[in-house]
Trainee: 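A single structure is presented below for examination.
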Amino acid sequence: MKKIAILASGNGTNAEAIIRHFHSVPHAKVTLIGSNKEEAYVLERAKNHQIQSFTFSKKELDNGSVKALLLLKGIDLVVLAGFMMKIPENIIDAFPRAIVNIHPALLPKYGGKGMYGMHVHTAVKAAGDTETGITIHWVNEHYDEGEIILQEKVAIADSDTPEQIAEKVHELEYKYYPKVIESLI
Ligand code: GAR
């Protein structure tokens, strides 16, 4: 049985889609959920699914405490799902080619520091782009720069608001991220 840990900072709708997907996958499941935010709704989702969860500070991420827990729990793949902190080298070194992220745009566009969640969709709208999408990629020591695993696009209508763009991107995320994770594991 392969074990997946999800790190998330907020609502956790992607985490929910992934957890549910793996209910019907016999050889892998989500066994651990971590968040840097005490109030993140993803922790509620973990409770509802009876999945162990934990919270941590930036210090604990950087000093090896989070890495130690992931190793102790025998995690095979670390999945970032709306996780808004940079993964430090201590974790990257301990999980070579075993940390995956989803970014709500077509990297390398709209990547890097400060480009997360609605900030991305607002920037896409402001630029007048006619398409956006998702990027699923391996995580390396550079923010949003790891090797790309999959990109999927969606058209933007002139009338779409940033919220409507976000909704379209979320649909792509729920459709593709769980399946890609399954293929990786
Ligand atoms: C998702 O759209 C994800 O791609 C994005 O945050 C959202 C989280 O939604 N991630 C980033 O911006 C990472 N840079 P969720 O909490 O409902 O899954």
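Remember, it's 1-based here, ligands and their atoms both numbered in the order they're listed.
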Trainee: Checking Gln164 side chain against Thr161 main chain: does a donor-acceptor pair fall under 3.5 Å?
Mentor: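 Confirmed, Gln164 side chain pairs with Thr161 backbone.
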Trainee: Taking only residues two or more places apart in sequence, or in another chain, which ones meet Tyr110 in a side-chain hydrogen bond (donor to acceptor under 3.5 Å, both in side chains)?
Mentor: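 Applying side-chain hydrogen bond (donor to acceptor under 3.5 Å, both in side chains) to Tyr110 gives Asp129.
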Trainee: Tell me whether Glu147 is salt-bridged to Arg97, with the criterion being a basic N under 4.0 Å from an acidic carboxylate O.
Mentor: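 The answer is yes: the pair qualifies as a salt bridge.
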Trainee: Any chance you could pull the hydrophobic cluster mates of Leu107, using side-chain heavy atoms under 4.5 angstrom and chaining through other members?
Mentor: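 Leu107 clusters with nothing; isolated.
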Trainee: Please go through Leu70's hydrophobic cluster and name the other residues, only I, L, V, M, F, W, Y counting, with side-chain heavy atoms under 4.5 Å joining them.
Mentor: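 Taking Ile, Leu, Val, Met, Phe, Trp and Tyr as members, Leu70 shares its hydrophobic cluster with Leu7, Leu32, Phe54, Phe56, Leu61, Val66, Leu69, Leu71, Leu72, Ile75, Val78, Leu80, Phe83, Met85, Ile87, Ile91, Ile92, Phe95, Ile99, Val139.
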Trainee: Identify all pairs of nitrogen or oxygen atoms, one from ligand 1 and one from the protein, separated by less than 3.5 Å, and list them with distances.
Mentor:
unit_1: ligand 1; atom_1: 2 (O); unit_2: Glu173; atom_2: OE1; d: 2.9
unit_1: ligand 1; atom_1: 2 (O); unit_2: Glu173; atom_2: OE2; d: 3.0
unit_1: ligand 1; atom_1: 4 (O); unit_2: Glu173; atom_2: OE2; d: 2.4
unit_1: ligand 1; atom_1: 12 (O); unit_2: Gly117; atom_2: N; d: 2.9
unit_1: ligand 1; atom_1: 16 (O); unit_2: Gly12; atom_2: N; d: 2.8
unit_1: ligand 1; atom_1: 17 (O); unit_2: Thr13; atom_2: N; d: 3.0
unit_1: ligand 1; atom_1: 17 (O); unit_2: Thr13; atom_2: OG1; d: 2.5
unit_1: ligand 1; atom_1: 18 (O); unit_2: Thr13; atom_2: N; d: 3.4
unit_1: ligand 1; atom_1: 18 (O); unit_2: Asn14; atom_2: N; d: 2.9
unit_1: ligand 1; atom_1: 18 (O); unit_2: Asn14; atom_2: ND2; d: 3.0

Trainee: For the pair Asp160 and Lys125, find out whether any cationic side-chain nitrogen is under 4.0 Å from an anionic carboxylate oxygen.
Mentor: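 Salt bridge: no.
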